Trainee: 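Sharing a structure with you now.
Just so it is clear, the structure is predicted and the values come from calculations on it, not from any experiment. For the single chain, residues carry numbers from 1 onward in sequence order.
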Amino acid sequence: ISALWARDSEIIFSDNLIYHNYSGINFFRNTLTLKGNSIMNNLLEGLRIREGIPVVEGNLIDGNRYGLMVVDTVYGTFNRNVILHNLESGIALRGPANIEVKENIIQGNGLNGISIQDSSAVIQGNLISANGERGIGVLSFHGTITGNNILGNGLYNLGIDGENDV
């Protein structure tokens, strides 16, 4: 079902085109370096990372249902990626801790640029614009959101649905 599925591995994955699959790339419990790839037009997620230690930098993630989904990952960096035109969320954070999301372009996604649920992160220096509903949608979050350009999103630039302050 996935163009690439990997589990319990050490992976360096660079300069590849993952295009027009049912599911793009699915990594589970990997030590991962993912750089310079184009992940485009996959029916489900473009890139799904669960429980690994990822370094994801300089990739194009465009036209998938979900661009980048990060689930239950402790530690990791997601920097200088271009995440565009995904049907639902550009980035979905569900349960990760101690991650960085820095200097990305997150633009034109259908619902949220970044969706955050039960997460701990530093979100800094990103351009988050022209997303359908929210630039950043927060259910529950602990961390910092600083130095971003969040503008021209549909309903809210920052929408908070949870009980806690951000």
Side-chain angles (χ1 to χ4, degrees), residues 1-73 75-96 99-117 119 121 123-137 148-155 157:
I1 293 178
S2 294
L4 174 63
W5 191 89
R7 177 180 178 151
D8 298 321
S9 302
E10 290 185 25
I11 298 168
I12 298 172
F13 193 79
S14 61
D15 301 318
N16 297 287
L17 172 62
I18 303 298
Y19 177 77
H20 202 56
N21 298 285
Y22 182 74
S23 179
I25 305 172
N26 192 331
F27 291 114
F28 181 56
R29 288 195 312 242
N30 294 290
T31 301
L32 169 68
T33 301
L34 190 88
K35 292 185 178 183
N37 299 286
S38 295
I39 304 167
M40 303 170 61
N41 298 336
N42 297 287
L43 290 177
L44 292 179
E45 63 273 338
L47 176 59
R48 181 183 181 111
I49 298 174
R50 296 179 296 152
E51 298 182 24
I53 302 173
V55 174
V56 177
E57 295 181 345
N59 300 285
L60 170 64
I61 302 172
D62 184 8
N64 307 285
R65 182 172 180 185
Y66 295 97
L68 167 62
M69 185 175 292
V70 182
V71 181
D72 297 330
T73 298
Y75 301 108
T77 60
F78 301 88
N79 299 338
R80 295 178 298 284
N81 299 288
V82 177
I83 302 171
L84 308 169
H85 310 118
N86 297 287
L87 279 174
E88 295 197 24
S89 294
I91 299 176
L93 304 177
R94 296 186 181 149
I99 64 168
E100 294 184 349
V101 178
K102 292 185 177 178
E103 300 175 8
N104 298 285
I105 297 171
I106 305 162
Q107 195 168 47
N109 297 287
L111 296 177
N112 296 331
I114 302 176
S115 297
I116 302 172
Q117 179 180 351
S119 301
I123 300 173
Q124 182 178 29
N126 301 286
L127 170 61
I128 304 168
S129 66
N131 297 289
E133 286 190 11
R134 295 174 179 91
I136 301 176
N148 300 284
N149 289 316
I150 307 170
L151 57 123
N153 296 287
L155 295 175
N157 286 320

Trainee: Once side chain to side chain donor-acceptor pair (under 3.5 Å) is applied, do any residues pair with N41, and if so which ones, sequence neighbours excluded?
Mentor: none

Trainee: Mind checking what makes side-chain contact (heavy atoms from CB on, under 4.5 Å) contact with N131, not counting sequence neighbours?
Mentor: N109, I128, N153

Trainee: Does the side chain of N126 reach to within under 4.5 Å of the side chain of I150, using non-hydrogen atoms?
Mentor: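 They are not in contact (no side-chain heavy atoms under 4.5 Å apart), so the answer is no.
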
Trainee: R65: which residues meet the side chain to side chain donor-acceptor pair (under 3.5 Å) condition with it, sequence neighbours left out?
Mentor: E88

Trainee: Using atom types as modelled and distance alone, determine if a side-chain donor or acceptor of N86 lies under 3.5 Å from a backbone N or O of N64.
Mentor: yes

Trainee: In the structure I gave you, are the side-chain heavy atoms of Y66 and L44 within less than 4.5 Å of one another anywhere?
Mentor: no

Trainee: Which residue pairs satisfy the salt bridge (charged side-chain N to carboxylate O under 4.0 Å, His left out) criterion with at least one member in residues 102-115, sequence neighbours excluded?
Mentor: R80-E103, E100-K102

Trainee: Could you tabulate the donor-acceptor pairs under 3.5 Å formed by side-chain atoms of residues 9-18, not counting sequence neighbours?
Mentor:
from, atom 1, to, atom 2, distance (Å)
S9, OG, R7, O, 2.9
N16, ND2, S14, O, 2.9
N16, ND2, N37, OD1, 3.2

Trainee: State, with a plain yes or no, whether a side-chain heavy atom of S38 is found less than 4.5 Å away from one of Y19.
Mentor: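 No, side chains not in contact.
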
Trainee: Name all pairs fulfilling the salt bridge (charged side-chain N to carboxylate O under 4.0 Å, His left out) condition that reach into residues 42-53, sequence neighbours left out, sorted by first residue then second.
Mentor: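 Every candidate salt bridge (charged side-chain N to carboxylate O under 4.0 Å, His left out) pair involving residues 42-53 fails, so no pair, neighbours aside, qualifies.
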
Trainee: Looking only at atom types and distance, does a side-chain atom of N148 sit under 3.5 Å from a main-chain N or O of I123, one as donor and one as acceptor?
Mentor: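 Yes: the side chain of N148 pairs with the backbone of I123.
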
Trainee: So which pairs with a foot in residues 16-29 pass salt bridge (charged side-chain N to carboxylate O under 4.0 Å, His left out), sequence neighbours left out?
Mentor: D8-R29

Trainee: Using 0.5 Å steps for rounding, measure from the CD1 atom of I61 to the CZ atom of F78.
Mentor: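 Taking CD1 in I61 and CZ in F78, the distance rounds to 9.0 Å.
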
Trainee: Specify the closest pair of heavy atoms between Q107 and A130, including all atoms of both residues, with the distance to one decimal.
Mentor: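 Between these two residues, the closest heavy atoms are CG-CB, 4.3 Å.
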
Trainee: If we ignore hydrogens and angles and just use 3.5 Å, is the side chain of N81 paired with the main-chain N or O of N104 as donor and acceptor?
Mentor: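 Between the backbone of N104 and the side chain of N81 there is no qualifying donor-acceptor contact (under 3.5 Å).
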
Trainee: Name all residues meeting the side chain to side chain donor-acceptor pair (under 3.5 Å) criterion together with N112; count only those two or more places apart in sequence or in a different chain, and write none if there are none.
Mentor: S115

Trainee: In chain order, what residues pass the salt bridge (charged side-chain N to carboxylate O under 4.0 Å, His left out) check against E133, with sequence neighbours excluded?
Mentor: none

Trainee: What's the spacing between L47 CG and N59 CG if we round to 0.5 Å?
Mentor: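 Separation between the atoms: 7.5 Å.
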
Trainee: For P54, which of I49, T77, I99 qualifies under side chain to side chain contact (heavy atoms under 4.5 Å, CB included)?
Mentor: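 Only one of I49, T77, I99 forms a side chain to side chain contact (heavy atoms under 4.5 Å, CB included) with P54, namely I49.
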
Trainee: How long is the straight-line distance from CG of L127 back to CD1 of I105, given to the nearest 0.5 Å?
Mentor: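 Here the rounded value is 6.0 Å.
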
Trainee: Test of understanding: with side chain to side chain donor-acceptor pair (under 3.5 Å), list the residues that count as partners of N26, not counting sequence neighbours.
Mentor: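 For N26 there are no side chain to side chain donor-acceptor pair (under 3.5 Å) partners, ignoring immediate neighbours.
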
Trainee: Can you pull out every salt bridge (charged side-chain N to carboxylate O under 4.0 Å, His left out) where at least one residue sits in residues 33-44? Sequence neighbours excluded, please.
Mentor: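 Of all non-adjacent pairs touching residues 33-44, those that pass salt bridge (charged side-chain N to carboxylate O under 4.0 Å, His left out) are K35-E57.
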
Trainee: Heavy atoms only: give me the nearest F28-N30 pair and the separation to one decimal.
Mentor: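 Closest heavy-atom pair between F28 and N30: N-ND2, 2.9 Å.
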
Trainee: To the closest 0.5 Å, what do you measure between OG (S23) and CG (N42)?
Mentor: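 The distance works out to 7.0 Å.
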
